[in-house]
Amino acid sequence: MENIKILLRDDEIPREWYNVLADMPTPMHPPLHPGTGKPITAQDMAAIFPMNLIEQEMSADRFIRIPDEVLEKYLLWRPTPLCRARNFEKLLKAPVKIYYKNEGVSPPGSHKPNTAVAQAYYNKVAGVKRLSTETGAGQWGSALAMACHMFGLECRVFMVRVSFEQKPYRRMMMMTWGADCVPSPSTMTEAGRKVLARDPDSPGSLGIAISEAIEDAVKGKDSRYSLGSVLNHVLLHQTIIGLEAKKQMEKIGEYPDVVIGCAGGGSNFAGISLPFVRDKIHGKQITFIAAEPSSCPTLTRGPFAYDFGDLAMTTPLLAMYTLGHDFVPEPIHAGGLRYHGMAPIVSHLVKEGLVEARAYHQLDTFDAGVKWARTEGFIPAPETDHAIAAVVEEARRAREEGKEKVILFNWSGHGIIDLASYDAYLSGQLEKYDLPDEEIQRALKAIEKFPKP
Ligand SMILES: Cc1ncc(COP(=O)(O)O)c(C=O)c1O
């Protein structure tokens, strides 16, 4: 009988994360201090993050040891299975082998606890007592809620209002793990009050929620901010996914031709890709596809520019693909992909031509997700459906070209708590939406005067 699941034993879990900065073929543009326009220093970030995470953020070491306390928590659900999607392959009738890394088996149901556990741990050892964060779909907030409880930290989550309303079960999960969950924009912060004064019905956005969480963290005693994607240290922690996948593929003598992940802030895509990107930098032929929604087409239609990570302009200026920090995406169901910017590492790789980006309409992504559920059984998160839509497209190309391909993708999370979005799709309530050019041009006005990378 053929193996469908390729498993690693607990003692085969990777002991180090991989830092792609050590292998980047060209230097990245540094984050800038918005006041001075100069590269930020560790001290500039000290009010927001603990020094041990700032060191990781700036580190150029190729491998960073995973602390035993973090590994011990990872072992609750890691190593995650690498599975062959035999039934989906049959449906697609294409010369492809499809492998997927199932990150949906974690307690909150996605890849997010890979960094949540690490961040909670580093904050704990630095003496921090409370973390504030934002969440889009609720996956990140629930992951951090769980991780904070594991290490005895308090946790407050600002949840983008549209998701707070669409996904009450995520809020309940956060509360079960002991966190406080607030719909954003809220009246608790200056940043939230400003948005509400302008637009009392604002659906919220990750940019707004980040501003609220940073303000809340900076105001509190012994409290810090935690970000679920975008930054270098977050992507670093997620490389456990690709490092495991590599070991698993080695076990069966396979290597991917194509690696795919959906991209919101870029962390799950980077998590599965970066250990393979290292091979591409050193000469291997691999195609990398970052799949994003066409309603929030950061990589495919935004410029590569310096911009803030949040609406209130509290973060450093990051060199990244961006739609402008005051861009508020349509309230689509893949809440975790509604972010105006993109991780500087992923942006740099796209700019250097090492990674491709593609945008998908929500009707196509849900179509792919439903096909997946009806063949492979597991119901994917709406975000993950974007990666599956890219798999479908790659399979069609392989069929047209008559080329055999091994596809690896990150099944970033399950959709059991997102069933309302499947309901909306199945009952015909979702529409195909293309972001008008005028809206992009309007939002980009906000960054016209910033330094250029
Ligand atoms: C299941 C799932 N996949 C993907 C994402 C996108 O985030 P990132 O690009 O940081 O991986 C999210 C974000 O919440 C998510 O919940």
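We count ligands from 1, going down the list as the structure has it; atoms in each ligand are counted the same way.
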**OP:** Indicate, as side chain, backbone, both or neither, the part of V234 found under 4.0 angstrom from ligand 1 when only non-hydrogen atoms are considered.
**Re:** neither
**OP:** Considering the heavy atoms of A381, write down every atom of ligand 1 situated less than 4.0 Å from one of them.
**Re:** 1 (C)
Original post:
Does K246 count as lying over the ring of Y18, i.e. NZ or CZ under 6.0 Å from the six-ring centre, within 45 degrees of the axis?
Top reply: no
Original post:
Do D23 and R278 sit within salt-bridge range, that is, some charged N less than 4.0 Å from a carboxylate O?
Top reply: yes
**OP:** Please check if any side-chain donor atom of S186 sits under 3.5 Å from a side-chain acceptor atom of E212, or the reverse.
**Re:** yes
Subject >> Lys/Arg-Asp/Glu bridge criterion (N-O < 4.0 Å) met for K247, E244 >> reply: no
Subject >> Any A137 heavy atom less than 4.0 Å from ligand 1 >> reply: no
**OP:** Check whether any N or O atom of G266, backbone or side chain, sits under 3.5 Å from an N or O atom of ligand 1, and answer yes or no.
**Re:** yes
**OP:** Examine ligand 1 and decide if any of its atoms is less than 4.0 Å from a heavy atom belonging to E103.
**Re:** no
Original post:
Are E89 and R84 within salt-bridge range, i.e. N to O under 4.0 Å?
Top reply: yes
Original post:
Should S267 be counted as touching ligand 1, given the test is an N or O pair under 3.5 Å?
Top reply: yes
Original post:
Looking at ligand 1, does any of its N/O atoms fall within less than 3.5 Å of an N/O of T384?
Top reply: no
Subject >> Where at least one partner belongs to residues 337-359, residue pairs that pass salt bridge (charged side-chain N to carboxylate O under 4.0 Å, His left out), sequence neighbours excluded >> reply: E356-R358, R358-E393, R358-E394
Original post:
Which protein heavy atom lies closest to atom 3 (N) of ligand 1, and at what distance to 0.1 Å?
Top reply: S412 OG, 2.7 Å
Subject >> L227 side, atom CG; E57 side, atom CD - distance, nearest 0.5 Å >> reply: 9.0 Å
Subject >> Geometric cation-pi criterion, K73 with Y121: 6.0 Å, 45° >> reply: no
Original post:
For atom 16 (O) of ligand 1, which protein heavy atom lies nearest, and how many Å away is it?
Top reply: Q139 CG, 2.9 Å
**OP:** Check each heavy atom of Q238 against ligand 1 and say whether those closer than 4.0 Å belong to the side chain, the backbone, both or neither.
**Re:** neither
**OP:** Report the nearest protein non-hydrogen atom to atom 10 (O) of ligand 1: residue, atom name, distance rounded to 0.1 Å.
**Re:** S229 OG, 2.5 Å
Subject >> Nearest non-hydrogen protein atom, atom 7 (O) of ligand 1 >> reply: K112 NZ, 3.4 Å
**OP:** May I ask you to list the atoms of ligand 1 that are less than 4.0 angstrom from any heavy atom of A263?
**Re:** 9 (O)
Original post:
What about G265: any of its N or O atoms under 3.5 Å from an N or O on ligand 1?
Top reply: yes
**OP:** Could you establish whether H111 and ligand 1 come within less than 4.0 Å of each other, counting only heavy atoms on the residue side?
**Re:** yes
Original post:
Quick one: do D216 and R130 make a salt bridge, cutoff under 4.0 Å?
Top reply: yes
